[in-house]
Amino acid sequence: MSKIGIICAVDRELSPFLEKLHPKALPPQAMLTFYQGQIGKHQIILVRCGVCKVNAAIAAQALIDRFQVDLLINSGTAGGINPSVQLFDTIISEKIAYHDVAPHILTQYHSFMESVYFPADPRLLALMRQCAPQLPIPLRFGATVTGEQFIDTGMREEIDRQFSPLSADMEGAAIAHVCHVNHIPFLMIRSITDTPTHSGMDHFEQNCEKASGLACEATLALIGKIPSQGI
């Protein structure tokens, strides 16, 4: 049996999992409530980490240290950056970077990386590609970025110029960073709530529930493809 950790940032992203899996709440750790459920032979540990990078990193390290998860999935919502991205597209991050951290921080200091990008696990990416035909939603594979700002019209152009990402979020790179230093396979699955032509917090609020459900559906499809002994 493998252990799979799932991190969502907010309640609306976590709710579809709670409704489908009916997991058991576990004693809190680091002021976080974890939930334990089952999909086939996989044990699932879920947590709502809260918004932004430090909260996400706390949750990821707790999943690794306390629960000894074999892999981590970040599921939820994101803002579209590339003009081709449409509302409710589901973005699968092939690689992810911080858009608000100076590049030399990662390459010259811990974690002494060769580039600013944290790559997704290639085995999880391959399984996710197998899921695409069975899902009623488009899957888009590409680069994504993370930073502690809600991206509105003015910022999209500069982020697109620097990184050419499909989407932006507030937690994913921090989770990928923790997985990188702990050698834990990672994949991020996020559905789009706002785009360059449908921008602003109002669109996020209107679309968060539907996008969260789509990301959950894609995440569960992926878990269904993971062998019982893990990847």
**Item:** T33, N55, D11 screened by side chain to side chain donor-acceptor pair (under 3.5 Å) with R48, the one that passes
**Value:**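 With R48 as partner, side chain to side chain donor-acceptor pair (under 3.5 Å) holds for just one option, D11.
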
**Asked** What's the verdict on side-chain hydrogen bond (donor to acceptor under 3.5 Å, both in side chains) for R12 and T77, showing C-alpha distance, side-chain angles and the deciding distance?
**Response** CA-CA 10 Å; R12 281 180 289 179; T77 64; over 6 Å; no

**Item:** Closest non-hydrogen atom pair between T144 and I91, with its separation
**Value:**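 For T144 versus I91, the nearest heavy atoms are CG2-CG2, 3.7 Å.
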
Mind checking whether [X] and [Y] have side chains closer than 4.5 Å, heavy atoms only?
| X | Y | value |
| --- | --- | --- |
| R140 | S84 | yes |
| L135 | T90 | no |
| M128 | C131 | yes |
| L71 | S2 | no |
| Q162 | H99 | no |
| L106 | H177 | yes |

**Item:** Over 12 non-hydrogen atoms of neighbours within 6.0 angstrom of CD in Q108
**Value:**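 For Q108, atom CD is crowded (more than 12 foreign heavy atoms under 6.0 Å).
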
**Request:** Check the hydrophobic clustering (I, L, V, M, F, W, Y; side-chain heavy atoms under 4.5 Å; chains of links allowed) and say if F186 and F17 are grouped together.
**Result:**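 The answer is no; the residues belong to distinct hydrophobic clusters.
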
**In one Ile/Leu/Val/Met/Phe/Trp/Tyr side-chain cluster, 4.5 Å: L18, I4** =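 Same cluster.
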
**Asked** Which word best sums up how the rings of F34 and F67 line up, parallel for under 30°, tilted for 30 to 60°, or perpendicular for over 60°?
**Response**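 Geometry flag for F67 against F34: tilted rings.
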
**Message:** Please evaluate residues E171 and R190 with respect to the criterion salt bridge (Lys or Arg N to Asp or Glu O under 4.0 Å), reporting the C-alpha separation (whole Å), side-chain torsions for both, the decisive distance (0.1 Å), and the verdict.
**Reply:** CA-CA 11 Å; E171 299 83 25; R190 294 207 180 215; 2.9 Å; yes

